[in-house]
Participant: 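One structure coming up, written as structure tokens, with questions to follow.
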Amino acid sequence: MNDLESRQLRYFVAVAEELNFGRAAERLGMAQPPLSRAIRELERGLGVRLFERTTRQVALTPAGEVLLRDARTALEAITAAARRAVHAGRPAPELRLALKADFDAGLLPQFLAAYRQEPEAIPVELVLGGRGDQEAALRDGRADVAVLPELTDDRGLDVEPLLTEPRLVALAASDPLATRSSLSLSDFAGRVLPDGRPAELGGLPPGPDGGGDGGPGRPAARGSFAESRRPVRDLTELFSLVELGGVIWFVPVSIARRHARPGIAYRAVGDLPPTEFSVVWPQDCRSPAVAAFVRAATAVAAAAQPVIDAQPLDVPGPAGPARPAEAGQRADAAGAAPSPRPGSSEMNPVTVRR
């Protein structure tokens, strides 16, 4: 068996994901005949068939399925190695923190303020993305550490739980369920979440098949995100669709409090599991700056958890008494590191990349 080359793996992954040599060749920017030859040479070198080919379709063999899983990991590692080397060679490196905007339990300012007190602290670059992008950013070298509420695949990653936060259901204010004094997940039978998953399952992470089509054997309801031409990643778009009544959404209470809208009702659901926030980083990481951020985030979260547990779940309107600033002040009083005032000399630069 010859040693595998990254070029061969890229070719193989493209064909395995497209299951069509023509589309794979177009994706790779090459002609189809040399791609077909390269795959035959790869199979000859390995001594196994990777694809079953007929005039109608291309399918992975069991050997091909195994190679696809490992090839993706290997290509991620190669890409990550290059990106991390370039990052480490910068004159002024930054800690690249991956997260989805607003999905920080309302504690990102406290995390950063506590981190700045660490001797190993360096400037922070926020790497913003959609749901699930954070894990990929850690694996392919675009980020050093991440804060996220839903880890779907911990392969190659170390995880430290931070805290749990209750979730509410976001409904159109005109929805009949918005008038109910108590709700349970069974009340949402037939409703869908923004990604098409059945709402009565509580927004559990998708299974190995992706789970974005409303579940096995169950098509998503009309009007759901599953029918959109592109996924909706922006909170403004998402809230607008909830207001129209096409979908509902299970939202961490910290986001509900920061995004009170006249057209949306937030209600507690008795059996809805909470969001579990974690700080995550690559297993082979030896960065003192990453270790310092993990220490700071876990300390802030430990101090904030009793405050989160004690807060009522009701969400006032935009003019209500419990404004987000007050919630932050209560967290500070519980021991979380306060955020520096604008213009404070303690503020290190924070850059943002999407």
Side-chain angles (χ1 to χ4, degrees), residues 99-111 131 147-150 162-188 191-195 197 199-204 225 232-277 300-301 303-334 336 339:
L99 73 161
K100 190 176 187 300
D102 273 343
F103 282 75
D104 55 16
L107 295 176
L108 181 60
Q110 288 89 348
F111 289 158
R131 193 188 77 176
V147 172
L148 66 164
E150 185 180 272
L162 290 176
L163 51 80
T164 60
E165 183 183 29
R167 289 187 296 167
L168 305 175
V169 62
L171 302 157
S174 59
D175 194 304
L177 291 180
T179 65
R180 299 268 296 272
S181 59
S182 63
L183 293 170
S184 64
L185 288 174
S186 61
D187 294 319
F188 305 116
R191 305 289 190 97
V192 292
L193 299 176
D195 59 4
R197 287 182 284 174
E200 68 266 28
L201 298 183
L204 295 174
F225 279 92
V232 177
R233 295 153 59 102
D234 179 79
L235 278 179
T236 301
E237 291 183 10
L238 194 155
F239 282 129
S240 295
L241 286 167
V242 171
E243 283 181 324
L244 294 174
V247 298
I248 65 174
W249 183 34
F250 297 133
V251 54
V253 69
S254 60
I255 294 180
R257 288 182 177 131
R258 282 181 282 179
H259 294 275
R261 294 168 66 110
I264 291 182
Y266 296 104
R267 297 291 181 264
V269 181
D271 53 351
L272 180 64
T275 291
E276 298 181 353
F277 287 89
V300 168
Q305 186 70 72
V307 179
I308 292 172
D309 293 340
Q311 287 179 342
L313 292 182
D314 60 299
V315 176
R323 306 303 296 152
E326 296 177 20
Q329 291 167 3
R330 288 195 293 269
D332 293 343
S339 302

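No hydrogens, no waters, no symmetry mates; every other heavy atom, side chains included, goes into these values.
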Participant: Looking at every non-hydrogen atom in both residues, tell me the closest pair between A256 and V251 and how far apart they are.
Facilitator: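 In this case the closest contact between A256 and V251 is N-CG2, 4.1 Å.
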Participant: Could you tell me the separation between the CD atom of Q305 and the CG atom of L162, rounded to the nearest 0.5 Å?
Facilitator: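 Here the interatomic distance stands at 9.5 Å.
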Participant: Which is it for V169 and L177 under the side-chain contact (heavy atoms from CB on, under 4.5 Å) test, yes or no, and what are the steps along the way?
Facilitator: CA-CA 10 Å; V169 62; L177 291 180; over 6 Å; no
Participant: Is there a side-chain contact between P252 and R258, using heavy atoms and a 4.5 Å cut-off?
Facilitator: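 No. Closest side-chain heavy atoms not under 4.5 Å.
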Participant: Can you tell me how far apart CZ (F250) and CG (L272) are? Round to the nearest 0.5 Å.
Facilitator: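 Rounded to the nearest 0.5 Å, the CZ-CG separation comes out at 5.5 Å.
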Participant: Go through the steps to decide whether V253 and Y266 satisfy the test side-chain contact (heavy atoms from CB on, under 4.5 Å), and finish with yes or no.
Facilitator: CA-CA 9 Å; V253 69; Y266 296 104; over 6 Å; no
Participant: At their closest point, which heavy atom of L163 faces which heavy atom of A301, and how far apart are they?
Facilitator: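 That would be CD2-CB, 3.7 Å.
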Participant: Ignoring hydrogens, what is the shortest heavy-atom contact between S254 and G106? Give both atom names and the distance.
Facilitator: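 Heavy-atom minimum between the residues: OG-N, 3.9 Å.
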Participant: Going through the checks in order, is the side-chain contact (heavy atoms from CB on, under 4.5 Å) test met by T275 and F103?
Facilitator: CA-CA 10 Å; T275 291; F103 282 75; over 6 Å; no
Participant: Check A178 against A172 and note the closest heavy-atom contact, atom names and distance.
Facilitator: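 Distance-wise, the nearest heavy atoms are CB-O, 4.1 Å.
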Participant: When you check the gap from the basic side-chain N to the acidic O, do R191 and D175 get nearer than 4.0 Å?
Facilitator: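 D175 and R191: salt-bridged.
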Participant: Distance from S182 atom OG to R267 atom CZ, nearest 0.5 Å?
Facilitator: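 Answer for the OG-CZ pair, S182 versus R267, is 12.0 Å.
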Participant: Shortest non-hydrogen contact from L235 to A101?
Facilitator: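 So the two residues come closest at CD1-O, 4.4 Å.
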Participant: Is there a donor-acceptor pair closer than 3.5 Å between any side-chain N or O of D102 and the backbone N or O of I255?
Facilitator: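 Not confirmed, D102 side chain does not pair with I255 backbone.
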Participant: Output the distance between atom CD (E276) and atom OG1 (T164), rounded to the nearest 0.5 Å.
Facilitator: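 If I round to the nearest 0.5 Å, the distance is 6.5 Å.
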Participant: For the pair I248 and L193, evaluate side-chain contact (heavy atoms from CB on, under 4.5 Å) and give the outcome as yes or no after the intermediate values.
Facilitator: CA-CA 5 Å; I248 65 174; L193 299 176; 4.1 Å; yes
Participant: Could you check whether any side-chain N or O of R167 sits under 3.5 Å from a backbone N or O of P273, counting only pairs where one atom can act as donor and the other as acceptor?
Facilitator: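 Indeed, once roles are kept as given, a pair shorter than 3.5 Å links the two residues.
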Participant: Are the side chains of L171 and V242 in contact, using a 4.5 Å heavy-atom criterion?
Facilitator: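 No; the side chains remain at least 4.5 Å from each other.
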Participant: Between the main-chain N or O of P176 and the side-chain N or O of R180, is there a donor-acceptor pair closer than 3.5 Å?
Facilitator: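 No; judged by distance alone, with no hydrogens or angles, the pair does not exist.
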Participant: How long is the span from the CG atom in L168 to the CD1 atom in I264, to the nearest 0.5 Å?
Facilitator: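 CD1 of I264 is found 12.0 Å from CG of L168.
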Participant: Who passes ring pair (Phe, Tyr, Trp, His ring centres under 6.0 Å) against F239, sequence neighbours left out?
Facilitator: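 In terms of ring pair (Phe, Tyr, Trp, His ring centres under 6.0 Å), with neighbours along the sequence ignored, F239 is linked to W249, H259.
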Participant: Using the test side chain to side chain donor-acceptor pair (under 3.5 Å), find all partners of S186 that sit at least two apart in sequence or belong to another chain.
Facilitator: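 If we apply the side chain to side chain donor-acceptor pair (under 3.5 Å) test to S186, skipping adjacent residues, the hits are S184.
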Participant: In Å and rounded to the nearest 0.5 Å, what is the CG to CG distance from L183 to D271?
Facilitator: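 The distance works out to 9.5 Å.
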Participant: Does E165 have any salt bridge (Lys or Arg N to Asp or Glu O under 4.0 Å) partners at least two apart in sequence or in another chain, and if so, which?
Facilitator: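 Counting only residues at least two positions away or on another chain, E165 forms no salt bridge (Lys or Arg N to Asp or Glu O under 4.0 Å).
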